[in-house]
Amino acid sequence: MAALQGKVAVVTGGASGIGRASALLFARNGAKVVVADMSEVAGAEVVREIEQAGGTAFMQTLDVRSDENCAALVAATLARFGQLDIAFNNAGIFAAPTLTEDQGLALWQRMLDVNLTGVFNCMVHELRVMKERGGSIINTASIAGIQGAYGAAAYSASKHGVIGLTRSAALEYGKYGVRINALCPGLIETPMTVGPDSGFNDKMINAGVKGSALRRQGRPEEMAEMVLWLASDKSSYANGGQFVVDGGTTA
Ligand SMILES: NC(=O)c1ccc[n+]([C@@H]2O[C@H](COP(=O)([O-])OP(=O)(O)OC[C@H]3O[C@@H](n4cnc5c(N)ncnc54)[C@H](O)[C@@H]3O)[C@@H](O)[C@H]2O)c1
């Protein structure tokens, strides 16, 4: 039987990159999927891909900074699919590097609002449902959540925060059968790191590639495989962990 047969999963940031690859893999493994993203057009395209492959999905437009939007995500999931078993809280942003003194309060606030408060907002509503019959939550942190990131203090602080939130909630909700883990990707080839709007330049990519023992960037599909494992019952004793998938960068 497929690993996620009979399960319902929400994926924030599901329109692109790691979220998109995970939404597609979840659906291929039998889950009904809610693709949740700010980007409505790209999200609808992922839903179309899932449906064309014979899966079931719908798109929910949301801004994870909004508690109301996150409540509506969970409400819409229950209304359409009747249950919520898996939540991949993955939406996030990066910004062009600057020294800490030059990051500015606006950037600092935006990073924390999307990357950390966004995860918190989603979890609050997901946990209220999952407390009743268990579930698996995966929050996307980063290797920048377990070590410093030169030029990206706000980003790194937000990702360290995701890990603290993940570990604390894991302590609280394990007794309800809810497992909560953090994914810590290395440098992955997605619109966040590739292209003119990415915040990354060639120098940073080259340094990242050199820093990885495998001498390359990771692919979103390689993250999705870890996310699938964490979402499935195969990871039944994994809780409160940080799952580093970085080609050996932090080794
Ligand atoms: N790509 C990497 O190298 C890398 C490394 C470590 C961690 N990460 C993390 O992985 C996650 C996914 O990143 P990605 O590389 O797939 O990037 P991506 O830019 O391809 O995807 C991010 C998605 O999040 C959505 N999003 C952004 N802000 C949002 C908001 N406020 N509300 C709802 N949706 C929002 C975007 O529309 C986009 O679809 C992020 O949390 C990122 O920080 C990425």
Side-chain angles (χ1 to χ4, degrees), residues 3 9-14 17-19 21-22 25-26 64 85-94 111-112 114-124 126-127 130 134-150 152-190 192-193 208 211-214 216-251:
V10 302
V11 180
T12 74
I18 296 168
S22 301
L25 190 62
F26 281 179
V64 293
D85 308 290
I86 296 155
F88 182 30
N89 299 316
N90 162 77
I93 54 169
F94 187 75
M111 276 302 158
L112 290 180
V114 177
N115 291 356
L116 180 54
T117 307
V119 173
F120 173 76
N121 285 339
C122 290
M123 279 179 75
V124 165
E126 293 155 2
L127 286 167
M130 288 186 180
S136 174
I137 294 178
I138 305 105
N139 297 323
T140 302
S142 169
I143 56 171
I146 56 168
Q147 63 177 23
Y150 192 97
Y155 181 80
S156 179
S158 73
K159 295 300 189 179
H160 275 77
V162 168
I163 289 177
L165 173 61
T166 301
R167 298 174 82 176
S168 302
L171 287 177
E172 294 171 1
Y173 290 88
K175 62 175 176 279
Y176 299 107
V178 184
R179 298 182 297 105
I180 310 171
N181 292 289
L183 173 75
C184 298
L187 185 64
I188 312 306
E189 213 173 328
T190 72
M192 184 175 278
T193 61
S212 155
L214 294 180
R216 64 171 176 85
Q217 280 188 263
R219 294 185 297 273
E221 293 74 18
E222 294 175 308
M223 300 304 104
E225 292 292 346
M226 174 60 86
V227 180
L228 172 65
W229 182 74
L230 289 170
S232 78
D233 294 338
K234 288 186 181 169
S235 60
S236 50
Y237 205 57
N239 189 29
Q242 298 95 60
F243 290 83
V244 173
V245 189
D246 70 348
T249 301
T250 54

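No hydrogens, no waters, no symmetry mates; every other heavy atom, side chains included, goes into these values.
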S.K.: Working to the nearest 0.5 Å, report the span between CD of Q242 and OG of S142.
M.R.: 12.5 Å

S.K.: Sequence neighbours left out, what pairs pass ring-ring contact (aromatic ring centres under 6.0 Å, His included) with at least one residue falling in residues 161-189?
M.R.: Y173-Y176

S.K.: Please round to the nearest 0.5 Å and tell me the distance separating atom CD1 of I138 and atom CE of M226.
M.R.: 11.0 Å

S.K.: Has the side chain of D85 got a donor or acceptor atom that lies under 3.5 Å from a matching backbone atom of A9?
M.R.: no

S.K.: For the residue pair C122 and N89, what are the closest heavy atoms and their distance?
M.R.: CB-OD1, 3.4 Å

S.K.: Inspect the surroundings of CZ in F243 and state if more than 12 heavy atoms from other residues, nucleotides or ligands are less than 6.0 Å away.
M.R.: yes

S.K.: Roughly how far apart are F88 CZ and L228 CG, rounded to 0.5 Å?
M.R.: 11.0 Å

S.K.: If I compare all heavy atoms of I143 with all of C184, which pair ends up nearest, and what's the gap?
M.R.: CG2-O, 3.8 Å

S.K.: Is there a donor-acceptor pair closer than 3.5 Å between any side-chain N or O of S156 and the backbone N or O of G148?
M.R.: no

S.K.: Any sub-3.5 Å donor-acceptor pair from T12's side-chain atoms to N90's backbone N or O?
M.R.: yes

S.K.: Looking only at the side chains, is there a donor atom on one of T250 and Q147 sitting less than 3.5 Å from an acceptor on the other?
M.R.: no

S.K.: Quick one: which residue pairs count as a side-chain hydrogen bond (donor to acceptor under 3.5 Å, both in side chains) with a foot in residues 161-172, not counting sequence neighbours?
M.R.: N139-T166

S.K.: Within this structure, what is the CE-CD1 distance for the pair M223 and I188, rounded to the nearest 0.5 Å?
M.R.: 3.5 Å

S.K.: Nearest 0.5 Å, please: how far is CG in L214 from CG in D246?
M.R.: 8.5 Å

S.K.: Apply side chain to side chain contact (heavy atoms under 4.5 Å, CB included) to residues L25 and V227 and explain how you reach the verdict.
M.R.: CA-CA 9 Å; L25 190 62; V227 180; over 6 Å; no

S.K.: Minimum heavy-atom separation for G241 and N181, please, with both atom names.
M.R.: N-OD1, 2.9 Å

S.K.: Judged by atom type as modelled, is there a donor-acceptor pair below 3.5 Å linking the side chain of T117 to the main-chain atoms of V114?
M.R.: no

S.K.: Is there a side-chain contact between V119 and V64, using heavy atoms and a 4.5 Å cut-off?
M.R.: no

S.K.: Please report the closest heavy-atom contact between A21 and E221, naming both atoms and the distance.
M.R.: CB-N, 4.0 Å

S.K.: Got L112 and S158 here, is their nearest side-chain heavy-atom distance under 4.5 Å?
M.R.: yes

S.K.: Return the minimal non-hydrogen interatomic distance between I163 and G145, and the atom names on each side.
M.R.: CD1-O, 3.4 Å

S.K.: As an exercise, state the distance from CZ of R219 to CD1 of I18, rounded to the nearest 0.5 Å.
M.R.: 13.0 Å

S.K.: Between G19 and V11, which heavy-atom pair has the shortest distance, and what is it?
M.R.: O-CG1, 3.5 Å

S.K.: Judged by atom type as modelled, is there a donor-acceptor pair below 3.5 Å linking the side chain of K159 to the main-chain atoms of T140?
M.R.: yes

S.K.: Ignoring hydrogens and geometry, is there a side-chain-to-backbone donor-acceptor pair from R179 to N239 under 3.5 Å?
M.R.: no

